[in-house]
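The block underneath contains the structure these notes are about, expressed in structure tokens.
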Amino acid sequence: MSTSTAVQTYDAAVIGAGFGGVYGVHKFANELGLNVIGFEKADGPAGTWYWNRYPGALSDTESHLYRYSFDKELLNDGHWENTYLTQPEILAYFEDVVDRLDVRRHFRFGTEVTSSIYLEDEGLWELTAGGETYRARYVLNAVGLLSAVNMPDIPGAETFDGQILHTGAWPEGIDLSGKRVGVVGSGSTGTQVVTALAPEVTHLTHFVRTPQYSVPVGKRPVSEAERQEVKANYDQIWDQVKNSAVAFGFEEATTPAMSVSEEERQRVFQEAWDKGGGFRFMFGTFGDIATDLEANEAAASFIRGKISEIIEDPETARKLTPHDLYARRPLCDNGFYETFNRDNVEVVALKETPFKEITPDGVLTSDGQLHELDVLIFATGFDAVDGNYRRMEILGRGGEDINEHWQGQPTSYLGVATSNFPNWFMVLGPNGPFTNLPPSIETQVEWISELIKYADDNGIKAIEPKQSTVDEWTETCTEIAEATVFTKVDSWIFGANVPGKKPSVLFYLGGLGNYRSVLNDEATAGYPGFSLT
Ligand code: FAD
Ligand code: NA7
């Protein structure tokens with residue numbers, strides 16, 4: 001199908017080699033028979049898990065569900081030691097998968113795509129990657145929703161004599177033993193890195209701006225019998241996951257928190273606390289923690305009680321106790337609060353004593369205290385969802401820039417495509433599902449793949465959603481989001497964590513089961529939401 005001239009031309013270009021990109025290349029090349037090229041900035045596959053090599057990096061989806069479901073053999077050969085996967089395990093999984101699927105040869109690793117420009121007359125996209133030019137009929141952006149790092153701009157950073165690191169771009173072979181380390185950020189990543197590093201370093205200073213609610217992750221070894229049990233039941237397990245809301249492998253609760261007695265509420269919270277898992281605590285205990293303020297406060301207050309029980313020093317506990325809503329992506333940890341009972345760990349509450357500047361010797365806070373450091377780690381998260389799109393030049397029909405099109409508030413139809421950008425698809429684009437992500441990623445890649453096949457089978461040259469459909473989807477996502485507590489708190493879920501970024505609704509919070517029904521209806525009806533030219 002491809003022709004080779006001075007510019008290399010392909011049927012499809014895939015950007016990214018994480019869950020989305022690897023599966024995209026497999027579907028397009030091995031199943032649709034397209035001539036495919038993949039681009040990945042990193043020197044190897046795994047996406048998120050290539051970059052996030054920081055100590056303590058762990059999935060918060062259980063091991064048997066943080067993987068592809070589409071390949072029975074891959075599932076049966078799967079191995080996991082514990083209930084959650086460490087970063088090296090996921091990296092090894094991807095190294096194996098790209099060879100099993102024979103997709104490594106399609107990828108150009110160490111190659112960043114800097115622009116994608118639609119050539120309307122040719123009906124092709126022209127990509128610049130690693131300084132070379134390529135053309136392709138279809139583009140699949142699998143560039144990651146938590147991938148573009150957010151690095152705060154703190155005065156004096158360039159004067160620091162020590163080392164500055166970001167968890168999302170962690171170099172290999174860093175040894176922090178015997179060092180004085182500062183960790184900025186108290187999200188999922190910050191809690192993991194603090195917990196893992198505290199026993200290794202001489203002194204650890206945790207700079208906390210907004211304390212969060214965290215419950216135990218529940219990491220424990222898995223026996224061979226348990227693995228076999230999962231493997232024997234995988235069909236039912238995936239069926240349940242894909243028809244559930246958050247896709248984490250448990251049944252979401254429906255009972256309202258305040259409909260039971262105080263004693264029963266505490267029992268249910270305690271059971272979830274003992275079992276582990278942030279999503280289980282928020283969605284598996286009661287049905288209205290994410291939607292009802294009183295229910296939310298009941299869960300929040302249970303966790304606050306645990307923090308004051310676990311942390312021995314009341315002043316340290318105070319600094320780490322949240323008082324706002326329990327309304328961010330729910331955290332879980334592997335002994336975070338216990339870590340603050342160590343003598344070599346201290347907390348700086350940045351809302352009380354903000355950063356003044358970074359000096360050659362460490363970090364100076366507004367109270368005049370110099371926190372002397374050898375290494376300063378930023379666990380400050382990501383420019384989520386559209387961050388990587390804004391770091392490329394992307395011009396659609398009529399030369400329209402994606403950033404002008406989105407006006408800082410990215411939109412799409414179904415999280416997979418947007419109007420005026422024909423044959424240009426996204427994995428986990430704006431307003432895609434908010435879930436355990438591999439099953440959502442698979443759902444999207446499979447659906448896009450079918451749409452491309454439909455277009456090819458029907459002689460369709462250009463596919464793009466209608467603006468009216470994009471508007472309706474945005475409205476649907478906004479309505480659902482506004483019915484939850486999530487909109488009431490600033491976090492990356494709404495793009496409210498990066499200075500200068502306009503907050504907007506970035507997810508479909510209606511659940512994977514419902515999302516799959518919407519996709520199915522759209523395909524069965526012959527794609528009425530799309531212009532098929
Ligand atoms: P990614 O894995 O982010 O891959 C995108 C790739 O695109 C990257 O490798 C990037 O280098 C590449 N890329 C981007 N732009 C370009 C460009 N211009 N040119 C070339 N290449 C480019 N989700 C869960 O469901 N459960 C979890 O337990 C979980 N844990 C997480 C822990 C951490 C520390 C982080 C950061 C995220 C976690 N996530 C988790 C979310 C995670 O991002 C997704 O689960 C999943 O890995 C996303 O896969 P992806 O293929 O869409 O994107
Ligand atoms: P998050 O959840 O965005 O957390 C980032 C943390 O960094 C959070 O505590 C922020 O405080 C803090 N932060 C960000 N900027 C600053 C500045 N300038 N000064 C001080 N503190 C700052 O990112 P994670 O990497 O932990 O997790 C993201 C997702 O990736 C997670 O949900 C998993 O899915 C994996 P704030 O709350 O903004 O006050």
Side-chain angles (χ1 to χ4, degrees), residues 14-24 38-42 44-54 56-62 65-66 84-85 87 90 94 108-116 127 129-130 141-154 166-170 183-193 207-212 217 246-248 278-279 322 328-332 350-351 354-355 378-384 387-389 391-392 426-428 432 434-441 444-445 489-493 496-499:
V14 174
I15 313 175
F19 274 104
V22 166
Y23 192 34
F39 299 105
E40 170 54 65
K41 192 159 55 171
T48 296
W49 304 96
Y50 176 93
W51 297 107
N52 288 267
R53 294 169 189 240
Y54 61 84
L58 188 77
S59 71
D60 66 2
T61 300
E62 284 181 79
L65 299 176
Y66 198 67
Y84 296 87
L85 296 170
Q87 178 273 337
I90 305 174
F94 269 96
R108 301 270 203 284
F109 289 105
T111 307
E112 179 170 5
V113 175
T114 48
S115 74
S116 303
L127 282 77
N141 294 278
V143 295
L145 81 172
L146 292 161
S147 172
V149 299
N150 171 39
M151 191 66 164
D153 189 11
I154 300 171
H166 192 291
T167 48
W170 193 268
V183 178
V184 185
S186 209
S188 172
T189 305
T191 55
Q192 289 185 347
V193 82
F207 297 96
V208 177
R209 191 165 64 182
T210 314
Q212 292 203 44
V217 66
V246 293
F248 271 79
F279 275 80
R328 297 179 173 209
R329 188 178 186 278
L331 297 194
C332 48
L350 290 175
K351 284 193 176 146
F355 289 133
F378 285 94
T380 44
F382 303 89
D383 181 352
N388 272 334
Y389 294 90
R391 291 173 195 204
M392 290 184 268
M426 296 176 283
V427 176
L428 301 181
F434 183 76
T435 63
N436 166 36
L437 291 170
S440 288
I441 291 171
Q444 291 190 327
V445 171
V489 162
D490 286 347
S491 78
W492 61 263
I493 302 174
N497 63 324
V498 174

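When a ligand or atom number is given, it counts from 1 through the structure's own listing order. Along the sequence shown, residues carry numbers from 1.
With atom 32 (O) of ligand 2 as the reference point, the heavy atom nearest to it among Lys351, His166, Arg329 is part of Arg329. When Thr189, Thr48, Leu145 are ranked by how near their heavy atoms come to atom 27 (O) of ligand 2, first place goes to Thr189. Considering Gly381, Gly278, Pro354 only, the shortest heavy-atom separation from atom 23 (O) of ligand 2 involves Gly381.
The atoms of ligand 2 that sit less than 4.0 Å from any heavy atom of Leu350 are 20 (C). Applying the 4.0 Å criterion to heavy atoms of Phe19 picks out, from ligand 1, the atoms 47 (O), 49 (O), 51 (O). Numbered from 1 in the order shown, with element, the atoms of ligand 1 that lie under 4.0 Å from a heavy atom of Asn436 read 25 (O). The ligand atoms of ligand 1 that sit less than 4.0 angstrom from a heavy atom of Leu437 are 23 (N), 24 (C), 25 (O), 41 (C), 44 (C), 45 (O). Interface of Met392 with ligand 1, defined as ligand atoms under 4.0 Å from a residue heavy atom, comprises 18 (N). Per-residue contacts place Gly185 under 4.0 angstrom from the following atoms of ligand 2 (heavy atoms of the residue considered): 6 (C), 7 (O), 9 (O), 12 (C). For ligand 1, the atoms closer than 4.0 angstrom to any heavy atom of Ser147 are 3 (O), 10 (C). Short contacts between ligand 1 and Phe382, defined as distances under 4.0 Å to a heavy atom of the residue, involve ligand atoms 36 (C). Here is the list of ligand 2 atoms found below 4.0 Å of a heavy atom in Arg328: 37 (O).
Of the heavy atoms in Thr191, none comes closer than 4.0 Å to ligand 2. Heavy atoms of Ser59 found under 4.0 angstrom from ligand 1 belong to the backbone as well as the side chain. For Val208, no heavy-atom contact with ligand 2 is shorter than 4.0 Å. Contacts between Phe382 and ligand 2, counted as non-hydrogen atom pairs separated by less than 4.0 Å, involve the side chain only. At a heavy-atom distance under 4.0 Å, no atom of Tyr23 approaches ligand 1. Under 4.0 angstrom from ligand 1, the non-hydrogen atoms of Thr111 all belong to its backbone. At a 4.0 Å heavy-atom cut-off, ligand 2 does not touch Ala384 at all. Contact annotation for Thr61 and ligand 1: heavy atoms of both the backbone and the side chain come within less than 4.0 Å of the ligand. Counting heavy atoms closer than 4.0 Å to ligand 2, residue Leu146 contributes side-chain atoms (C-beta onward) but none from N, CA, C or O.
Looking at atom 32 (C) of ligand 1, its nearest protein heavy atom turns out to be Trp49 CH2, 3.4 Å. Ranking the protein heavy atoms by distance from atom 27 (C) of ligand 1 puts Asp60 OD1, 3.3 Å first. In this structure, atom 9 (O) of ligand 1 lies nearest to the protein heavy atom Glu40 OE1, 2.8 Å. At the top of the distance list for atom 18 (N) of ligand 1, counting protein heavy atoms only, stands Val113 O, 2.9 Å. In this structure, atom 53 (O) of ligand 1 lies nearest to the protein heavy atom Gly144 CA, 3.1 Å. Regarding atom 34 (C) of ligand 1, its nearest protein heavy-atom neighbour is Tyr54 OH, 3.3 Å. Of all protein heavy atoms, the one closest to atom 18 (N) of ligand 2 is Pro152 CB, 3.3 Å. The closest protein non-hydrogen atom to atom 44 (C) of ligand 1 is Tyr66 OH, 3.5 Å. Closest protein heavy atom to atom 43 (O) of ligand 1: Thr48 OG1, 2.8 Å.
Between Phe19 and Phe94, the distance from one ring center to the other falls under 6.0 angstrom. Here Tyr66 and Phe248 keep their ring centres 6.0 angstrom or further from each other.
Taking the six-membered ring where tryptophan is involved, the planes of Trp492 and Phe434 are tilted, since the angle between them lies from 30° to 60°. Taking the six-membered ring where the residue is Trp, Phe355 and Phe207 present tilted rings, their angle falling between 30° and 60°.
Among the atoms of Gly16, none of the N or O lies under 3.5 angstrom from an N or O of ligand 1. The N/O atoms of Gln212, backbone and side chain alike, include none that comes under 3.5 Å of an N/O atom in ligand 2. Inclusion of Asn52 in the set of residues having an N or O under 3.5 Å from an N or O of ligand 1 is not warranted. Taking only nitrogen or oxygen atoms, main chain and side chain alike, Trp51 reaches within less than 3.5 Å of ligand 1.
Between Val22 and ligand 1 there is no heavy-atom distance shorter than 4.0 Å. Residue contact annotation: Tyr50 has no non-hydrogen atom under 4.0 Å from ligand 1. Heavy-atom distances between Ala142 and ligand 1 reach below 4.0 Å in at least one pair.
Closest approach of Lys41 and Asn388 over heavy atoms only: NZ-OD1, 4.2 Å.
Residues Asp383 and Arg391 are in side-chain contact: their nearest non-hydrogen atoms beyond the backbone lie under 4.5 Å apart. Between Phe109 and Pro45 the shortest side-chain heavy-atom distance falls below 4.5 Å.
Side-chain polar atoms of Tyr54 and Gln192 form a donor-acceptor pair below 3.5 angstrom. Thr435 and Ser440 form a side-chain donor-acceptor contact under 3.5 Å, judged by distance and modelled atom types alone.
Salt bridge present: Arg329 and Asp60 bring a charged side-chain N and a carboxylate O closer than 4.0 Å.
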